[in-house]
Asker: 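One structure, as structure tokens, below. Some questions next.
Computed from a prediction, not measured in an experiment: that's the story for all the values here. Throughout, protein chains are lettered first and strands after them, A, B, ... in sequence-line order, and every chain is numbered starting at 1.
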2 protein chains.
Amino acid sequence: MRNTTSSTMTDRADGGVSRLWNTVVGNDTAFLLARANALSLSAANAALEPYGLKVRSYSVLAIAVEGVRPTQRELSDFLRLDPSQIVSLIDELENAGLATREPAQNDRRVNVVAPTEQGRKVFRHAREATQRAERECFAALDARDRARLKAMLSTLSALDSAPG
Amino acid sequence: MRNTTSSTMTDRADGGVSRLWNTVVGNDTAFLLARANALSLSAANAALEPYGLKVRSYSVLAIAVEGVRPTQRELSDFLRLDPSQIVSLIDELENAGLATREPAQNDRRVNVVAPTEQGRKVFRHAREATQRAERECFAALDARDRARLKAMLSTLSALDSAPG
DNA sequence: TATTGTTATACTCTATAACTATA
DNA sequence: TATAGTTATAGAGTATAACAATA
């Protein structure tokens, strides 16, 4: 016997939770945003797992691979992570042989992050995996909606630290 | 002297980070989603702070106030939190005098969460505060875009545990 | 035998302050 | 005096397993 006694609350396929969607919370944009992000995040992390990466380390690697030669401080500001978190993030990448710290020319305090050859290679595959995951994650939206969504999210993100 | 030596990377108003937006990462929907969510989340938490609430406890309180009489298991499923996390969440609300555990009629294993009078009162004010914060947070979008965004996020969230 | 709520534990994440070396 | 990176530490958040009461 399962869930036959209190039929009104628990006889749905999803465990009887659907009725909770009909609340202020289930109709709140911020809540839906958090939920969508959680789904997207765990999909991305799952896709990156085979490469020993997470979204954090992947982001750093991605920026490094583009040849932007970011300083740790820039990564801290851009990714909104504490400088100390960047340290361990780059330690990870260095220990995995994917990136290195290089001293900046003009300022001996500054480190710049550069990818190794293996870093570039791993990144190419990891990127494919995340893009595949992202396609699946946003497959419920058509191309125009996906573009709209991206534009809106970009607008919202821009409020904080303006791109361009 | 500040940031005049390596002018190409650090002479912008935002700390020179804007150049990092022109990367794969800065153009990634999942990344923008995470950023937008972080902004929305911290705005909501800031708005709730005066009431001794966070988004988590606020969500539980909101559901309770609607009279849905959710079980802890339902809250766990709906909010995608471990049952043990629900325990401490409700402990918080109970200690603050905002909600109580009530035994379910048909199943003596089950607790149901109900608001206190003070819980209802606090929620009304907290709700106003979060709505104000949400309005500010999404003010960069016009009404139609906000509606579109909400609909899209709802679609994405629905993939996981379907509402309705 | 399965489920609800609970406790305990460990692990990750996050935030903070203090330290060094450079500027 | 201020900044880049580092270290250490404590707090919050998360995941897991084991347990008692009940079904």
Asker: Check the distance between D:dT14's P and B:Lys54's NZ and give it to me in whole angstrom.
Answerer: 10 Å
Asker: Nearest-Å distance, CD (B:Glu74) to P (C:dG5)?
Answerer: 9 Å
Asker: Rounded to the nearest angstrom, tell me the gap between atom CG in B:Leu41 and atom P in C:dT14.
Answerer: 11 Å
Asker: Separation of B:Asn111 atom CG from D:dA20 atom P, in whole Å?
Answerer: 18 Å
Asker: Does CD belonging to B:Glu49 count more than 12 external heavy atoms closer than 6.0 Å?
Answerer: no
Asker: So does B:Val55 get a backbone contact from the side chain of B:Ser59, meaning a donor-acceptor N/O pair under 3.5 Å?
Answerer: yes
Asker: Tell me which one of A:Leu153, A:Leu33, A:Leu156 satisfies side chain to side chain contact (heavy atoms under 4.5 Å, CB included) with B:Asn37.
Answerer: A:Leu33
Asker: Find which nucleotide of DNA chain D each of B:Glu92 and B:Asp82 is nearest to by heavy atoms, and output the residue with the more 5' nucleotide.
Answerer: B:Glu92
Asker: Can a donor-acceptor pair under 3.5 Å be found between the side-chain atoms of A:Ser84 and the base atoms of C:dT14?
Answerer: no
Asker: Nearest to the side chain of B:Val87 - D:dT6, C:dT6, D:dT14?
Answerer: C:dT6
Asker: By nearest heavy atom, map B:Gln85 and A:Arg101 onto DNA chain D; which one lands nearer the 5' end?
Answerer: A:Arg101
Asker: Going through the checks in order, is the ring pair (Phe, Tyr, Trp, His ring centres under 6.0 Å) test met by B:Tyr58 and A:Phe31?
Answerer: CA-CA 11 Å; B:Tyr58 171 80; A:Phe31 179 78; over 10 Å; no
Asker: When the distance from CG of B:Asp77 to P of C:dT3 is rounded to whole Å, what number comes out?
Answerer: 12 Å
Asker: What is the distance, rounded to the nearest whole Å, between atom CD of B:Gln72 and atom P of C:dT7?
Answerer: 10 Å
Asker: Check this one for me: any side-chain N or O of A:Arg56 less than 4.0 Å away from OP1 or OP2 of C:dT14?
Answerer: yes
Asker: Are any side-chain N or O atoms of A:Arg101 and backbone N or O atoms of A:Glu94, one a donor and one an acceptor, separated by less than 3.5 Å?
Answerer: no
Asker: I'd like to know if A:Arg109 reaches the base of D:dT3 with its side chain such that a donor and an acceptor end up less than 3.5 angstrom apart.
Answerer: yes
Asker: Between A:Leu89 (CG) and D:dT6 (C1'), how many Å, whole number?
Answerer: 15 Å
Asker: Using a heavy-atom cut-off of under 4.0 Å over every strand shown, decide if A:Arg108 touches base, sugar-phosphate, or nothing.
Answerer: sugar-phosphate
Asker: Mind calculating the distance between CD (A:Gln105) and P (D:dA4) to the nearest angstrom?
Answerer: 16 Å
